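Since the structure is predicted, the reported quantities are computational estimates derived from the model, not experimental observations. Numbers for residues simply follow the sequence, beginning at 1.
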Amino acid sequence: RSGEMATKVTQLIDNEVFWAYATYTTIVLLKMMLMSLITAYFRITRKAFVNPEDTASFGKGESAKKYLRTDADVERVRRGHLNDLENIVPFLGIGLLYALSGPELSTALLHFRIFAGARILHTFAYLIPLPQPSRGLSWAVGYVVTISMAYKVFKTTLYL
């Protein structure tokens, strides 16, 4: 039994599609992590905080309260980050199942590259901001890629 497990792990390590998935997953996760840093940057430069303890360096009492506020730029970054969470997390799960379902490497790379590119474009469209429909289209492209991978998983391994 442990020999079977070792064989399966070795097959996974030798699976080029899995490594392609790992590569593009790392890219989109790093991009999503970058959104946290961008949020912090905008909070600090706009002096817009949501927690009283975050305003301590600006004084105490009433003088610090004016920094407890929302800011349009901070909220824009936060919405982009939330959109990442809503789209990248499903990609992680569905993409892994897809990678393990035995797709052709070229097809898998196309899915992973288009998804990553769409998410990066979506971030630029959100932060710059680019005129619509650029943000909507970049979101839709990434979403369709994830649905396409889910369809392939169902088509290949349907156990309903």
Side-chain angles (χ1 to χ4, degrees), residues 9 12-13 15-101 103 105 107-154:
V9 169
L12 184 61
I13 290 171
N15 184 336
E16 289 181 301
V17 173
F18 174 77
W19 287 111
Y21 163 78
T23 300
Y24 286 94
T25 294
T26 301
I27 290 168
V28 295
L29 286 174
L30 286 171
K31 188 218 81 58
M32 189 167 65
M33 289 173 63
L34 180 62
M35 295 300 283
S36 296
L37 297 175
I38 295 170
T39 301
Y41 169 79
F42 275 93
R43 282 203 182 283
I44 292 165
T45 59
R46 304 308 193 270
K47 294 185 174 86
F49 303 97
V50 292
N51 300 307
E53 64 272 16
D54 298 337
T55 64
S57 61
F58 300 109
K60 295 193 186 289
E62 293 300 316
S63 65
K65 279 187 180 178
K66 67 182 177 184
Y67 300 111
L68 290 173
R69 60 186 185 85
T70 59
D71 177 83
D73 293 330
V74 172
E75 293 307 309
R76 177 172 280 281
V77 177
R78 290 184 66 234
R79 287 191 306 272
H81 195 182
L82 180 60
N83 193 279
D84 276 351
L85 289 168
E86 293 168 350
N87 290 275
I88 291 174
V89 171
F91 169 81
L92 299 178
I94 292 170
L96 177 61
L97 296 174
Y98 171 74
L100 299 175
S101 72
L105 177 61
T107 305
L109 280 170
L110 187 64
H111 277 92
F112 302 152
R113 287 173 178 163
I114 290 173
F115 181 84
R119 292 313 303 169
I120 291 167
L121 179 59
H122 183 270
T123 297
F124 283 118
Y126 229 126
L127 296 182
I128 290 175
L130 297 176
Q132 280 287 32
S134 59
R135 190 178 79 236
L137 287 174
S138 60
W139 169 84
V141 167
Y143 200 84
V144 167
V145 166
T146 304
I147 295 297
S148 172
M149 291 187 301
Y151 173 77
K152 169 71 162 107
V153 170
F154 278 133

Rounded distance (nearest 0.5 Å) linking atom [atom1] of [X] with atom [atom2] of [Y]:
X      : Y      : atom1 : atom2 : result
His122 : Leu137 : NE2   : CG    : 10.5 Å
Ile114 : Leu109 : CD1   : CG    : 10.5 Å
Lys152 : Ile94  : NZ    : CD1   : 14.5 Å
Leu110 : Leu105 : CG    : CG    : 11.0 Å
Leu127 : Arg135 : CG    : CZ    : 10.5 Å
Leu121 : Phe124 : CG    : CZ    : 8.5 Å

Contact summary for [X] and [Y], nearest pair of heavy atoms:
X      : Y      : answer
Met35  : Gly80  : CE-C, 3.8 Å
Pro90  : Leu85  : CD-O, 3.9 Å
Ala118 : Val141 : CB-CG1, 3.9 Å
Val17  : Asn15  : N-OD1, 2.8 Å
Ala48  : Val74  : CB-CG2, 4.4 Å

Below 4.5 Å, heavy atoms only, C-beta onward: do [X] and [Y] meet side chain to side chain?
X     : Y      : value
Thr25 : Leu96  : no
Pro52 : Leu68  : yes
Arg43 : Val50  : yes
Asn83 : Arg119 : yes

message: Among residues at least two apart in sequence or on other chains, which ones pass ring-ring contact (aromatic ring centres under 6.0 Å, His included) with Tyr143?
response: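 Trp139.
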- prompt: For Tyr24, which residues count as a ring-ring contact (aromatic ring centres under 6.0 Å, His included) partner, sequence neighbours excluded?
  reply: none
- request: Look at atom CZ of Arg78 and say whether more than 12 heavy atoms of other residues, nucleotides or ligands are closer to it than 6.0 Å.
  value: no
query: Got a sec, which pairs hit ring pair (Phe, Tyr, Trp, His ring centres under 6.0 Å) with one end in residues 30-50, sequence neighbours left out?
result: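 For residues 30-50: Phe49-Phe58.
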- request: Output all residues satisfying salt bridge (Lys or Arg N to Asp or Glu O under 4.0 Å) with Asp54, sequence neighbours left out; order by chain, then residue number.
  value: none
- request: Provide the full list of side-chain hydrogen bond (donor to acceptor under 3.5 Å, both in side chains) pairs with a residue in residues 89-99, sequence neighbours left out, each pair given once.
  value: Tyr98-His111
- request: Keeping to residues at least two apart or across chains, list the side-chain hydrogen bond (donor to acceptor under 3.5 Å, both in side chains) pairs with something in residues 27-38.
  value: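 Every side-chain hydrogen bond (donor to acceptor under 3.5 Å, both in side chains) pair that includes a residue of residues 27-38, provided the two are not neighbours, is Lys31-Asp84, Lys31-Thr123.
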- request: For the residue pair Phe18 and Tyr21, categorise the inter-ring angle as parallel (less than 30°), tilted (30 to 60°) or perpendicular (more than 60°).
  value: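 The rings of Phe18 and Tyr21 sit tilted, inter-plane angle from 30° to 60°.
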- request: Determine yes or no for a side-chain-to-main-chain donor-acceptor pair under 3.5 angstrom, with Thr26 supplying the side chain and Ala22 the backbone.
  value: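 The answer is yes, because a donor-acceptor pair under 3.5 Å joins these two groups.
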message: Would the distance check show the side chain of Asp71 and the main-chain N or O of Asp73 forming a donor-acceptor pair, the cut-off being under 3.5 Å?
response: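 Yes.
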task: Might you work through the side-chain contact (heavy atoms from CB on, under 4.5 Å) test for Phe112 and Met149, ending with a clear yes or no?
output: CA-CA 10 Å; Phe112 302 152; Met149 291 187 301; 3.7 Å; yes
